[in-house]
Amino acid sequence: MTQSLTIRRPDDWHLHLRDGDMLRAVLPHSASDFARAIIMPNLVPPVVTGAQAAAYRDRIMAALPEGADFTPLMTLYLTEDTDPNDVARAHAEGLIHAVKLYPAGATTNSASGVSNFDKVAPVLDRMAEIGLPLCTHGEVTDSEIDIFDREAVFIDRVLDPIRRAHPSLRVIMEHITTSDAADYVRSNDSGLAATITTHHLVINRNHILAGGIRPHYYCLPVAKRETHRLALRQAATSGDPRFFLGTDSAPHTDGAKLQPCGCAGCFTAPNTMSILAQVFEEDGALDKLEAFSSLNGPAFYGLPPNETRITLRREAPTHPASIDTPNGPVTVFDPGFDLNWTT
Ligand code: NCD
Ligand code: ZN
């Protein structure tokens with residue numbers, strides 16, 4: 001039985017670090033395992049300009065623990081007023097690595113997102129020209145569409161038309177939750193990839209709703225039925241370069257989650273690598289973990305893989321059940337089984 005596994009240091013291609021006290025509390029948990037992360041721009045107010053992204057990057061660097069080796073890869077939040085020149089400038093400076101599309105109202109702090117997709121066509125044209133990828137929160141927001149169907153409908157109504165209108169635009173479907181999304185990614189040879197979260201490899205919608213409601217498993221896009229979870233496991237563990245890790249670790253205080261209208265998001269930064277090692281081992285695919293967490297992402301983003309390595313050991317980890325922040329505790333995602341790999 002394999003007792004240890006050494007892989008190139010992983011990166012997280014979709015991460016929420018927040019700001020201020022929360023940033024200081026959660027950042028060490030990502031920086032300990034991950035070398036780089038694509039930083040989500042859905043702050044309040046959102047990170048919409050290059051200047052705001054530079055200032056946010058500086059706040060992240062200032063919050064890093066002494067001696068940490070972590071590089072935040074910044075993104076801009078796409079709005080109907082985004083200036084293509086500002087985007088191109090921030091990209092040319094090496095400051096930003098993607099632009100994030102939130103359909104207005106789709107998720108936490110997405111009110112400034114896009115309602116009329118025609119209005120962002122000039123930005124998307126420029127991004128296609130300069131090779132800057134678009135990260136998508138792939139859910140429609142129409143109230144008549146069932147929440148469990150919103151990802152599949154997004155592909156047909158929004159994503160496919162965008163990709164037809166901008167054929168050379170590179171697109172990352174973020175935190176996919178359905179076999180429809182995995183199939184759509186596979187139906188394309190280049191320019192399209194998807195991130196998969198840790199929690200969507202572990203939970204289906206029963207975990208949220210059967211036998212009592214479990215707010216700590218509620219995130220967006222919401223976990224779907226078991227067949228979809230199995231399709232995601234298959235995609236993640238296949239080694240296919242179009243699928244890679246984006247934890248979508250999204251911390252909210254317990255006070256904000258345990259409410260009549262609680263926030264969406266699972267906090268997986270501390271135990272992601274332990275959970276992934278177990279998932280990949282269960283599926284007989286430990287040899288594919290490095291591709292998923294350390295190789296496929298940089299290849300798609302046109303960056304070199306990390307030169308440093310981490311070693312996972314077969315040993316019960318000691319992750320806390322929750323972390324303290326000045327605003328209250330944040331519960332760490334509980335995979336529902338004992339973990340036996342540690343970093
Ligand atoms: C994210 C958050 O809290 O910012 N929540 C979530 O459920 N994933 C937003 C997002 O990525 O949708
Ligand atoms: Zn997210």
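Both counts, for ligands and for their atoms, begin at 1 and track the order of listing. These figures come from a predicted structure and were not determined experimentally. When a residue number appears, it is its place in the shown sequence, counting from 1.
- No heavy atom of Met40 sits closer than 4.0 Å to any atom of ligand 1.
- Classification of Arg186 and Asp183 as a salt-bridged pair holds, one side-chain N sitting under 4.0 Å from a carboxylate O.
- Closest protein heavy atom to atom 8 (N) of ligand 1: Asp248 OD2, 2.7 Å.
- Taking 4.0 Å as the cut-off between side-chain N and carboxylate O, Arg9 and Asp69 count as a salt-bridged pair.
- At least one heavy atom of Arg18 sits closer than 4.0 Å to an atom of ligand 1.
- Each of the atoms 1 (C), 2 (C), 3 (O), 5 (N) of ligand 1 lies under 4.0 Å from some heavy atom of Ala250.
- Interface atoms of ligand 1 facing His137, defined by a heavy-atom separation under 4.0 Å, are 12 (O).
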Which is it for His200 and His175 under the ring pair (Phe, Tyr, Trp, His ring centres under 6.0 Å) test, yes or no, and what are the steps along the way? CA-CA 8 Å; His200 288 119; His175 43 49; 7.3 Å; no
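- Below 30°, between 30° and 60°, or above 60°: for Tyr217 and His207 the angle between ring planes is above 60°, a perpendicular geometry.
- Here the Zn ion (ligand 2) is the vertex; the NE2 atom in His14 and the OD1 atom in Asp248 give an angle of 90° (to 10°).
- Protein heavy atom nearest atom 1 (C) of ligand 1, with residue, atom name and distance: His16 NE2, 3.6 Å.
- Within the 4.5 Å cutoff, the side chain of Pro41 has heavy atoms near those of the Tyr102 side chain.
- Thr247 and Thr198 form no side-chain donor-acceptor contact under 3.5 Å, judged by distance and modelled atom types alone.
- Near Leu220, with a cut-off below 4.0 Å to any heavy atom, the atoms of ligand 1 are 6 (C), 7 (O), 8 (N), 12 (O).
- Checked for salt-bridge contact, Arg150 and Glu139 miss the test: no charged N lies under 4.0 Å from a carboxylate O.
- Distance check for His16 against the Zn ion (ligand 2): an N/O/S atom falls below 2.8 Å.
- Within a 6.0 Å sphere centred on CZ of Arg314, other residues, nucleotides and ligands contribute more than 12 heavy atoms.
- Among all protein heavy atoms, the one lying closest to atom 10 (C) of ligand 1 is Thr107 OG1, 3.4 Å.
- Taking a 4.0 Å cut-off on heavy atoms, His14 registers as neighbouring ligand 1.
- Using a 4.0 Å cut-off between heavy atoms, Asn109 makes no contact with ligand 1 at all.
- Not one N or O of Tyr102 is nearer than 3.5 Å to an N or O of ligand 1, by distance alone.
- Under a 4.0 Å N-O distance rule, the pair Lys100/Glu174 qualifies as a salt bridge.
- For ligand 1, the atoms closer than 4.0 angstrom to any heavy atom of Cys219 are 7 (O).
- Summary of contacts: the protein heavy atom closest to atom 5 (N) of ligand 1 is Ala264 O, 3.1 Å.
- Using a 4.0 Å cut-off between charged nitrogen and carboxylate oxygen, Arg157 and Asp142 count as a salt-bridge pair.
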